[in-house]
Number of protein chains: 2
Amino acid sequence: MHNWPKESAKKSMKLTTKGRFAVTAMIDVALFNHGEPVTLAEISARQKISLSYLEQLFGKLRRHGLVDSVRGPGGGYNLAKAPGTISVSDIILAVDEPIDTTSCGGEKNCHDDSICLTHHLWASLNAHIFTYLQGVSLQSLVDDAKARKNPSLHVVQDLRKTGTRAVPIAA
Amino acid sequence: MHNWPKESAKKSMKLTTKGRFAVTAMIDVALFNHGEPVTLAEISARQKISLSYLEQLFGKLRRHGLVDSVRGPGGGYNLAKAPGTISVSDIILAVDEPIDTTSCGGEKNCHDDSICLTHHLWASLNAHIFTYLQGVSLQSLVDDAKARKNPSLHVVQDLRKTGTRAVPIAA
DNA sequence: GTATTTCCGAGTAATTTAGTCAAGTTAAAG
DNA sequence: CTTTAACTTGACTAAATTACTCGGAAATAC
């Protein structure tokens with residue numbers, strides 16, 4: 001018998017390239033935000049992410065309170081909180097619009113005793129993934145990036161071919 | 001600075017409903033395999049998975065050495081190994097045909113010092129997920145199912161709406 | 001007012017998944 | 001040896017989802 005971790009899952013999170021782009025962009029903001037707001041055009045050039053797409057992503061990041069925007073010339077984005085207080089799970093949940101599901105990933109047929117065969121398994125996996133991403137702060141990613149020998153920070157993995165699609169993840 | 005777990009990842013695994021159907025079907029085989037092979041028609045009826053789809057799934061499970069097939073009248077499928085030696089990751093890798101990627105999810109632009117900003121993060125997450133699923137045996141899922149009050153085992157979660165798509169997972 | 005930059009929502013193309021279908025092959029039963 | 005249940009295979013399709021683009025509106029500095 002497997003010892004299931006407690007499943008505190010409520011929402012389901014998805015892991016897509018969108019989330020990965022968002023994390024990369026947030027690292028970029030954290031790295032280059034020295035007083036002046038960072039513009040999306042800069043991020044686009046450095047990280048090779050299209051401006052249009054960044055606009056879409058940062059709209060969600062802003063609405064979820066992860067960045068503050070400054071409009072007009074000289075504007076751009078600042079982190080809304082200290083990077084140590086922003087977790088990867090925060091970023092992914094912001095851009096991937098998790099569906100607020102009920103237990104069992106929003107499905108029926110899975111309550112009381114007639115619980116589905118794999119309910120615990122997936123719920124527990126979701127919880128594991130979420131807990132892991134929650135434990136990684138933007139600060140730690142920034143520190144990791146700064147520690148690299150070559151601080152050019154220009155070349156970034158092209159996420160688009162890495163394998164994409166989502167997974168329901170406990171939140 | 002985040003303390004990255006060692007990334008032993010080689011292949012990338014996907015988490016889809018296909019993998020979940022496969023796990024459910026394998027539990028069904030383990031539960032009802034008492035001497036006689038279990039037919040796909042039975043599994044289809046019990047777990048509400050289309051016969052055609054099961055054929056597709058079991059073809060892969062058989063080619064990956066997880067089940068043995070018995071043809072002809074009275075035929076069906078048996079587990080090829082003891083359920084304690086089959087892990088959930090084995091099942092998912094069998095049906096989801098993981099691409100054997102190089103480091104960094106098969107991408108260029110991510111080697112030596114010009115390593116991408118989030119390489120460690122995703123590789124490590126992949127390793128976490130894989131390790132977790134590797135640690136869950138079919139036996140534990142069977143024990144869990146048997147422990148339920150209502151052993152009818154007919155009603156299973158309809159995976160099709162749960163949220164699907166894949167994630168690259170370290171293997 | 002004009003340049004810059006964010007803001008917003010609709011729309012679309014490509015990819016991927018999930019599942020079907022049809023035409024076999026195999027082997028046991030009688 | 002004929003029937004028949006069951007597995008085998010691969011091509012095919014439809015739906016869903018993702019990953020974007022596009023056009024313009026609003027705000028702010030100069």
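Computed from a prediction, not measured in an experiment: that's the story for all the values here. In what follows, every chain begins at residue 1, and chains take the letters A, B, ... in the order their sequences are listed.
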Practice prompt. Could you name each residue pair satisfying salt bridge (charged side-chain N to carboxylate O under 4.0 Å, His left out) that touches residues 33-45 of chain A, not counting sequence neighbours?
Written response: A:Glu42-A:Arg46

Worksheet item: Are any of B:Arg63's side-chain N or O atoms less than 4.0 Å away from OP1 or OP2 of D:dT9?
Response: yes

Discussion item. Under a 3.5 Å distance rule, please check whether B:Thr131 uses its side chain to pair with a backbone N or O of B:Ala127 as donor and acceptor.
Written reply: yes

Worksheet entry | Residue-level proximity of residues 49-59 of chain B to DNA chain C when a heavy atom falls under 4.0 Å | B:Ser50, B:Ser52, B:Tyr53, B:Gln56

Worksheet item: Would you find a donor on one side and an acceptor on the other, under 3.5 Å apart, between the side chain of A:Thr24 and the backbone of A:Arg20?
Response: yes

Practice prompt. Please tell me if the side chains of B:Ile129 and A:Tyr132 come closer than 4.5 Å, counting only heavy atoms from C-beta onward.
Written response: no

Worksheet item: C:dT5 P sits how many Å from A:Glu42 CD, rounded?
Response: 8 Å

Worksheet entry | Single hit among B:Leu57, B:Leu66, B:Val23 for side-chain contact (heavy atoms from CB on, under 4.5 Å) with B:Val95 | B:Leu57

Item to complete: Quickly work out the B:Arg62 CZ to D:dC7 P distance and round it to whole Å.
Response: 11 Å

Discussion item. Restricting to side chain to side chain contact (heavy atoms under 4.5 Å, CB included), what partner residues turn up for A:Ser50, sequence neighbours left out?
Written reply: A:Ser52, A:Tyr53

Worksheet entry | N/O (side chain, A:Thr16) to phosphate O (OP1/OP2, D:dA19) under 4.0 Å | yes

Response to the item:
Residue set satisfying side-chain hydrogen bond (donor to acceptor under 3.5 Å, both in side chains) with A:Ser89, at least two apart, ordered chain then number -> A:Ser87

Worksheet item: Is the distance from OP1 or OP2 of D:dA19 to the nearest side-chain N or O of A:Thr17 less than 4.0 Å?
Response: yes

Practice prompt. Could you name each residue pair satisfying side chain to side chain donor-acceptor pair (under 3.5 Å) that touches residues 69-86 of chain A, not counting sequence neighbours?
Written response: A:Asn33-A:Asn78

Fill in: Near-strand residues of residues 68-78 of chain A, defined as heavy-atom separation under 4.0 angstrom from DNA chain D
A:Arg71, A:Gly72, A:Pro73

Worksheet item: Could you give the CZ-to-P distance, from A:Phe21 to D:dT18, as a whole number of Å?
Response: 15 Å

